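Notes to accompany the following structure.
Letters A, B, ... are given to chains in the order of the sequence lines, protein chains preceding strands, and every chain is numbered from 1. Note that the coordinates shown come from a computational prediction; the quantities given were computed from them, not determined experimentally.
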Protein chains: 2
Amino acid sequence: MASKVKSTARSSAMSELPLNKIVQGSCVDVLNSLPEKSVDVIFADPPYNLQLKDDLHRPDNSKVDAVTDKWDQFSSFAAYDQFTNEWLEAARRVLKDTGTIWVIGSYHNIFRVGYSMQNIGFWVLNDIVWRKSNPMPNFKGTRFTNAHETMIWASKSENAKGFTFNYDAMKAMNDDTQMRSDWVLPICAGKERLQDDEGKKAHATQKPEALLYRVIMSSTKPGDVVLDPFFGSGTTGAVAKKLGRNFIGIERESRYIKVAQKRIDAINPLEDEVLGYTQGKRAAPRVPFGSLIERGMIKPGMVLKCSKGKYSAKVRTDGTLVSDDVKGSIHQVGAKVQGAPACNGWTFWHIENEGQMMSIDVFRQQVRADIN
Amino acid sequence: MASKVKSTARSSAMSELPLNKIVQGSCVDVLNSLPEKSVDVIFADPPYNLQLKDDLHRPDNSKVDAVTDKWDQFSSFAAYDQFTNEWLEAARRVLKDTGTIWVIGSYHNIFRVGYSMQNIGFWVLNDIVWRKSNPMPNFKGTRFTNAHETMIWASKSENAKGFTFNYDAMKAMNDDTQMRSDWVLPICAGKERLQDDEGKKAHATQKPEALLYRVIMSSTKPGDVVLDPFFGSGTTGAVAKKLGRNFIGIERESRYIKVAQKRIDAINPLEDEVLGYTQGKRAAPRVPFGSLIERGMIKPGMVLKCSKGKYSAKVRTDGTLVSDDVKGSIHQVGAKVQGAPACNGWTFWHIENEGQMMSIDVFRQQVRADIN
DNA sequence: CCATCTAGTGAATCAGGGC
DNA sequence: AGCCCTGATTCACTAGATG
């Protein structure tokens, strides 16, 4: 079982790796106490420096529980950059020459992280986009829904060789086509989300195990050492243990260590368990009518008609239709012109082509084939 | 029709904007010749690849020395950073205070671009992932398929207000759910891909019109000025013209200007009716609650209730409400009786009419219809 | 036990105009 | 710059209660 290492680690160098342990202390101090070139992979989820100001309320007036922890506060970009440089330098020292590093972030910090990584000498192998299947909406309707986070995957240097990439395993996991740089995964919620003694979320930014599963499966071998310098609720350790990898966790705060330790102790690594994110075919993907216009399949100004030609409407640039004074989606306008309560615009509207009526649903099927 | 402006632009400042023209010259020189705070949106597709060091020029048009083995990595990054800083500074000068900028890149350069943008003072609104539905595979099987590119969308400064985001049009284009930060679109191929006289692709990195369509639709209004400092094959100009926006293109190389000009000349702009797009309540004229009283739609002394009848208030002659000791506007009283931080009184308050609850917003809509 | 409804929540740089 | 007022705004999913 994993056990906690006291903070004496700060002052004295460790001769051996604290395998499968959570080391308490500042990440740079602890990293500097570890032997150089000793770990295979680093996964880091550093503070994002979100710079949130006022409270945010949902349309129903409930307050959004934002990340207001002190560990996410920095006085300036310069302070954040210094912090970033220091931990990245320390991380690079303990990484084997054949090792790779993953760092996750959002637009608040990822450009600064990537800039620093490249300057230090890390060589970017991929940037990976975690597309959240269920992100939080933009409640005020002021921007695009912030629906993804970015991971940078890098080797130790430009000419580093011998790092692990389990190409075939990734391909097998992805229906026998190459795993892409965009991963669709749900956020961490429900029973997976750890709670503290008061029933509140134990950590503000707990990552889903499915994310770490793919990270560890792709870039490590069983028995490898995975180090996480911002261990938090311990997702990295939990998945590493489950998959037969060794972990090293570094975390400053006792409350997080307590939660993570309990979580990891409860994991049985012998189970040949299939994690809860299957790659099975989803239901047919939703295709917005607007995307047909962007793709040039339907042109703004085109006239759509019902199959019998009785009703017609003109396509606007934003994918809505206009028919006399009626404006709205293909479904809304289809319903209104008929005086019907509802209408499936995809099957109702047609394009007249050389005297023949062609359903716009044909285009939707083309886009679906294209997406897959 | 658009026409080419000779490179005299380099030395003499232009008093007027070269609307719907392609200006030949170095991007920084031309930008500096334009009046400040004059364009609404900038879309920039700068050179990506730090490996293509031969193609890298400093803003003064001098060529960056070929990188020998003696050069360390950082020095070549430094040259790119300088180039990036200079064109971004020049771009920021010509951008209106209410303007926004889009910059597209890949993991090779996007971190350096984002870092520079934040340092200069641009405020990131979103990072947008262009998820390619048909990317080039990773032939050697050594990494994840590089299947996306990243765009940074930013306002001119942290506190900039008044920039355009057509939230409702984006929502309409996306089947009436908020447009997300990940966009699934195919790469530019087939007939859309421009060819030169020899039948080869005219530009190495031609962007699909679908991408610019969404960029321009989301962040500009008809009649706005869209500037592209790396015009290339002219996708930005082509889509801008089609959508009834003005463009300014800057391009150094004659062969690209020739291709782009021919492309744009062939485009017919869309008619106004089609250019109309979905606008939300924010665009509707403001109707004071007091005007409903003046028009006799609501009478002083009437009792307003919330939809469930739990809260009530009485209308006073000046258009304010009173509920026990709470007095104020429909919004203020609505918020206070609920103990909520804010309230839209128009949708909160109702009138009970023969047992049915009718929102007072119905009256506002009548007034608005009346005004038109 | 199943179906249905209600409440809650997630790394968020989340308003705009007038004075 | 700062204050004040009006008034616009949410998606996917889970858990638990209710019928």
Discussion item. Regarding D54(A), tell me which of base, sugar-phosphate or nothing describes its non-hydrogen contacts under 4.0 Å with the strands shown.
Written reply: base
Worksheet item: Which part of the nucleic acid does P208(A) contact within heavy-atom distance under 4.0 Å: base, sugar-phosphate only, or nothing?
Response: nothing
Discussion item. Under 4.0 Å, heavy atoms only, any strand: does K207(A) hit a base, just the sugar-phosphate, or nothing?
Written reply: base
Worksheet entry | Touch class at under 4.0 angstrom, heavy-atom based, for Q332(B) against every strand present | sugar-phosphate
Worksheet item: Base, sugar-phosphate, or nothing for K53(A), non-hydrogen atoms under 4.0 angstrom?
Response: nothing
Worksheet item: Looking only at atom C1', what distance separates dC14(C) and dG10(C), rounded to whole Å?
Response: 15 Å
Discussion item. At 4.0 Å (heavy atoms only), tell me whether N146(A) reaches a base, stays on the sugar-phosphate, or touches nothing.
Written reply: sugar-phosphate
Item to complete: Quickly work out the Q195(A) CD to dG8(C) P distance and round it to whole Å.
Response: 15 Å
Discussion item. Rounding to an integer number of Å, can you tell me how far N61(A) CG sits from dG8(C) P?
Written reply: 13 Å
Worksheet item: What about the rings of Y256(A) and F231(A), do their centers lie closer together than 6.0 Å?
Response: no
Worksheet item: Going by modelled atom types, is there a donor-acceptor pair between the base of dA12(C) and the side chain of N126(B) at under 3.5 Å?
Response: no
Item to complete: Can you figure out which of dT9(C), dA11(C), dA15(C) approaches the side chain of W71(A) most closely?
Response: dA11(C)
Worksheet item: Closest to the R143(A) side chain: dA11(C), dT10(D), dC14(C)?
Response: dC14(C)
Fill in: 5'-to-3' dot-bracket of DNA chain D (Watson-Crick, G-U; under 3.5 angstrom; crossing pairs as [ ]; | other strand)
.|||||....|||||||||
Worksheet item: Does dG7(D) have OP1 or OP2 sitting under 4.0 Å from an N or O in the side chain of H331(B)?
Response: yes
Worksheet item: Hey, is D97(B) close enough to K37(B) for a salt bridge, meaning N to O under 4.0 Å?
Response: yes
Discussion item. Quick one, I128(B) and W183(B) - any side-chain contact, counting heavy atoms below 4.5 Å?
Written reply: yes
Worksheet item: Quick one: on DNA chain C, does C188(A) or F163(B) contact a more 5' nucleotide (nearest heavy atom)?
Response: C188(A)
Discussion item. Using OP1 and OP2 only, check whether a side-chain N or O of K201(A) sits under 4.0 Å from dG10(C).
Written reply: yes
Worksheet item: Taking the side chain of N344(B) as heavy atoms from C-beta outward, which of dC14(C), dT9(D), dG10(C) is closest to it?
Response: dT9(D)
Worksheet item: Can you find a donor-acceptor pair, distance only, under 3.5 Å between R282(B) side chain and dG17(C) base?
Response: no
Practice prompt. Using atom NZ of K171(B) as one end and atom C1' of dT9(D) as the other, report the distance to the nearest whole Å.
Written response: 8 Å
Item to complete: Mind checking D45(A) for me? I need base, sugar-phosphate or nothing, with any heavy atom below 4.0 Å counting as a touch.
Response: base
Practice prompt. Take atom C1' in dA1(D) and the same atom in dG16(C), then report the distance between them in whole Å.
Written response: 16 Å
Item to complete: In whole angstrom, give the distance that lies between atom NE2 of H57(A) and atom P of dA12(C).
Response: 15 Å
Worksheet item: Roughly, in whole Å, what's the span from CZ in R368(B) to P in dA8(D)?
Response: 6 Å
Discussion item. Each nucleotide in nucleotides 12-19 of chain D should get exactly one letter: B, S or -. Can you fill that in based on protein heavy atoms under 4.0 Å?
Written reply: SSSS----
Discussion item. Quick one, D168(B) with R282(B), criterion salt bridge (charged side-chain N to carboxylate O under 4.0 Å, His left out). Give me CA distance, side-chain angles, the key distance, then yes/no.
Written reply: CA-CA 10 Å; D168(B) 297 284; R282(B) 286 185 177 106; 5.4 Å; no
Fill in: Closest nucleotide among dA12(C), dA11(C), dA15(C) to the M136(A) side chain
dA12(C)
Worksheet item: Under 4.0 Å: is that the gap between some side-chain N or O of S329(B) and OP1 or OP2 of dT6(D)?
Response: yes
Practice prompt. Tell me what R180(B) touches on the nucleic acid: a base, only sugar-phosphate, or nothing, going by heavy atoms under 4.0 Å.
Written response: nothing
Worksheet entry | Rounded distance in Å - OH (Y80(A)) to C1' (dA11(C)) | 11 Å
Worksheet item: Looking only at atom P, what distance separates dT9(D) and dA11(C), rounded to whole Å?
Response: 25 Å
Fill in: Toward the 5' end of DNA chain C, by each residue's nearest nucleotide, T142(A) or R193(A)
R193(A)
Item to complete: Have a look at T145(A) and say if it touches a base, only the backbone sugar-phosphate, or nothing, with a 4.0 Å heavy-atom cut-off.
Response: nothing
Discussion item. What is the separation between atom CZ on F139(A) and atom C1' on dG10(C), rounded to the nearest whole Å?
Written reply: 8 Å
Worksheet item: Under a 4.5 Å cut-off applied to non-hydrogen side-chain atoms, are F348(B) and V337(B) in contact?
Response: yes
Worksheet item: Roughly how far apart, to the nearest Å, are dA12(C) and dT6(D) at atom C1'?
Response: 24 Å
